Student: 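The structure under discussion is supplied below as structure tokens; questions concerning it will follow.
Fair warning: this is a prediction, and the values are worked out from it, not measured in the lab. Nothing fancy with the numbering, it's 1 onward along the sequence.
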Amino acid sequence: MKRKLFFCALAVIALYSCDDTTDGIGTSLIDRLDKLEVSSDTFKVTTRSVIADSVLSRSTTGYLGRIRDPETGNYITSDFMTQFHTFEDYTWPNENMIVSKADDGKVIADSCELRLFYDTYYGDSLAPLRVSVYEMQKPMKESQHVYSNFDPLKEGYVRTNGIAVNKSFTLNNQSLSEETKNSSSYTPNISIKLNEPYTDKEGNHYNNFGTYMMRKYYEDPSNYKNSITFINNVVPGFYVKLTNGLGAMANIYVTQLNVYFRYNYNDSTVTGSSSFSGTEEVLQASHISNDAKRLEELAADNSCTYLKTPAGIFTEVTLPVEEIYNGHEGENINTAKITLQRVNDSKESDYAFGYPSTVLILPADSLYSFFENNDIADNKISYLASYSSTTNGYTFSNISGMIKQMKENHDAGNTSPKWNKAVIVPVTTTYYTSNSVQVLTKVTHDMSLSSTRLVGGSDNKRGDIKLAVIYSKYK
């Protein structure tokens, strides 16, 4: 402990070493260290579970399926809506080159489909599922904050007389041979055909949706000028809704809209295709439905607290801010460390959810604005922690900045009931590497399937949660 306090003292001294010259620096350091008093204290922290009514839902991954958590019995259903990206000034082959044409000489598409590509899934790959695919009536706005409880059907975003195609499937596509599925060129996907006759909003009739897309280009190529014009003038998007089934959840990493046609190329007739994908450039959002009654029962369990995704349960932490400062007037808070330990699962199951790998702690008052503003953890008032098998939990090494801000805001008149509360939220992080250093670029809600219990709650019998604080001051 003495060694730790000594190095802490050196760190504090560094904050005050701002002289323009280095004259007498050795003597100065020794004098300051001799005058520095370092002390420590620990405080009890209380926690409780809070239900996440909804979370900001914006991701390149869409989740599709319905499962039951074997640990808690909670049912989770997820479907998603997506828009599609097009390259700048996208072009189709010259109209005279198109071989696929109707009797009146107008171009047509041979076929059209949606493909939902998934890289991983949870549950039973043989569980039968059924979806309905709906055409969007209008696009989601770029500035719109879409939350996980946003229902496109109820909110009027689905075109009532547009495309409505049903598809039954299993994730282990039994219509394909094992040789095909095991080949290196195969990517697991769900194919949904859009080949039924289609009528657009103006009442024009087409043999399929692909023909509509092609003719919108030949009528006015500017419809494909960029993703914004494409979304507003051609395809606002689709809503893929789970309508039946239980036992599997697929992680759809890309949704692709494909149009197939034939055209002349070098005196030969070849089959061509145009593809448009859901990417980061356009909006994609999952619609999550939890068993509300079961979530309420879990949140009411005061023997522990929960972290549950997607859009399930967070853990709220009440920090003893006033107690931390009482008797320590004029002192600096150098570090404030807290560890939240997991409670190991009580049931064994081959389908047990994993636990969140990364969590974020931030002031409760900032929970919604943090994600809406695309903020990232700054290690000043918001902090990340990864699961550690050594502690079987999540350790925040120094949340002193958040505690200081809470105290300052309270002294300035913040009387909100949440003024001294923080929230633990499971998140997904994105980094890029610069000069061999990883730089955090994005923090979003974890929309995958995860669940864990933490030591805590008002009826906690597993030991107190401690906040370890180190102070310093000059004599």
Student: Which residues pass the salt bridge (charged side-chain N to carboxylate O under 4.0 Å, His left out) test with Asp365, sequence neighbours left out?
Tutor: none

Student: Within the side chain of Ser57, is there an N or O that forms a donor-acceptor pair under 3.5 Å with the backbone of Ala285?
Tutor: no

Student: Please confirm whether the backbone N or O of Lys418 pairs with a side-chain atom of Ser416, one donor and one acceptor, at under 3.5 Å?
Tutor: yes

Student: Under 3.5 Å, side chain of Gln405 to main-chain N/O of Ile403, donor-acceptor pair present?
Tutor: no

Student: To check you understand the geometry: which heavy-atom pair defines the closest contact between Tyr383 and Asn398, and what is its length?
Tutor: CE2-O, 3.1 Å

Student: Is the side chain of Asn460 donor-acceptor paired with the backbone N or O of Gly463 at a distance under 3.5 Å, no angle test?
Tutor: yes

Student: Tell me if the NZ atom of Lys466 is crowded by more than 12 foreign heavy atoms within 6.0 Å.
Tutor: yes

Student: Can you classify the ring geometry of Trp419 versus His410 as parallel (below 30°), tilted (30 to 60°) or perpendicular (above 60°)?
Tutor: parallel

Student: Can you see whether Thr120 engages Asn251 through a side-chain donor-acceptor pair at a distance of less than 3.5 angstrom?
Tutor: yes

Student: Taking atom CD1 of Ile228 as the centre, report whether more than 12 heavy atoms of other residues, nucleotides or ligands fall under 6.0 Å from it.
Tutor: no

Student: Which heavy atom of Thr452 sits nearest a heavy atom of Val343, and at what distance?
Tutor: OG1-O, 4.5 Å

Student: Restricting to non-hydrogen atoms, name the atom on Ile465 and the atom on Gly456 that form the minimum distance, rounded to 0.1 Å.
Tutor: CD1-CA, 3.8 Å

Student: Under 4.0 Å between a Lys/Arg side-chain N and an Asp/Glu carboxylate O for Arg294 and Glu296?
Tutor: no

Student: Which atom names give the shortest non-hydrogen contact between Arg130 and Ser168, and what distance separates them?
Tutor: NH1-OG, 2.8 Å

Student: Kindly check if the number of other-residue, nucleotide or ligand heavy atoms within 6.0 Å of CZ (Phe396) is above 12?
Tutor: yes

Student: Does anything in residues 389-415 pair up under salt bridge (charged side-chain N to carboxylate O under 4.0 Å, His left out), and if so which pairs, sequence neighbours excluded?
Tutor: Lys407-Asp411

Student: Would you please say whether a donor-acceptor pair under 3.5 Å links the side chains of Ser448 and Asp446?
Tutor: yes

Student: Tell me, do Met81 and Met136 make a side-chain contact under 4.5 Å, heavy atoms counted?
Tutor: yes

Student: Looking only at heavy atoms, what is the nearest atom pair of Thr318 and Val45, with distance?
Tutor: O-CG1, 3.6 Å

Student: For Lys181, does the NZ atom sit with more than 12 other heavy atoms under 6.0 Å from it, leaving out its own atoms?
Tutor: yes

Student: Are Phe371 and His445 close enough, and set up right, to give a ring-ring contact (aromatic ring centres under 6.0 Å, His included), and what steps lead you there?
Tutor: CA-CA 8 Å; Phe371 294 98; His445 283 285; 3.7 Å; yes

Student: Would you check if the side chain of Gln83 reaches a backbone N or O of Gln284 as a donor-acceptor pair within less than 3.5 Å?
Tutor: no

Student: Any side-chain to backbone donor/acceptor pair from Ser148 onto Val55? Under 3.5 Å, distance only.
Tutor: yes

Student: Please check this pair: side chain of Thr395 against backbone of Ser397, looking for a donor-acceptor N/O pair closer than 3.5 Å.
Tutor: no

Student: Mind checking what makes ring pair (Phe, Tyr, Trp, His ring centres under 6.0 Å) contact with Tyr394, not counting sequence neighbours?
Tutor: Tyr387

Student: Measuring from atom CZ of Phe314 to atom CG of Leu360, what distance do you get when rounded to the nearest 0.5 angstrom?
Tutor: 9.5 Å

Student: Kindly say whether Asn290 contributes a backbone atom to a donor-acceptor pair with the side chain of Asn74 at under 3.5 angstrom?
Tutor: no

Student: Apply ring-ring contact (aromatic ring centres under 6.0 Å, His included) to Tyr224 and Phe87, showing your working.
Tutor: CA-CA 8 Å; Tyr224 286 77; Phe87 294 107; over 10 Å; no

Student: Could you tell me which non-hydrogen atom of Ile288 sits nearest to which non-hydrogen atom of Ile76, and how far apart they are?
Tutor: CG2-CG2, 4.3 Å

Student: Do the side chain of Ser388 and the main chain of Thr390 share a donor and acceptor less than 3.5 angstrom apart?
Tutor: yes

Student: Checking side-chain polar atoms at under 3.5 Å, does Glu71 have a donor or acceptor matched by the opposite partner on Ser451?
Tutor: no

Student: Is the ring pair Tyr147/Tyr368 parallel, tilted or perpendicular, if the boundaries are 30 and 60 degrees?
Tutor: tilted

Student: Is it the case that the side chain of Thr86 and the backbone of Ser227 share a donor-acceptor pair, with hydrogens and angles ignored and the cut-off at 3.5 Å?
Tutor: no

Student: Checking Phe230 against Tyr90 for the ring-ring contact (aromatic ring centres under 6.0 Å, His included) test, could you report, in this order, the C-alpha distance in whole Å, the side-chain angles of both residues, the deciding distance, and whether it holds?
Tutor: CA-CA 10 Å; Phe230 177 72; Tyr90 184 87; 8.2 Å; no

Student: Among Val131, Asn189, Val240, which residue meets the side-chain contact (heavy atoms from CB on, under 4.5 Å) test with Leu116?
Tutor: Val240

Student: So which of Val133, Thr82, Asp79 actually passes side-chain contact (heavy atoms from CB on, under 4.5 Å) with Tyr239?
Tutor: Asp79

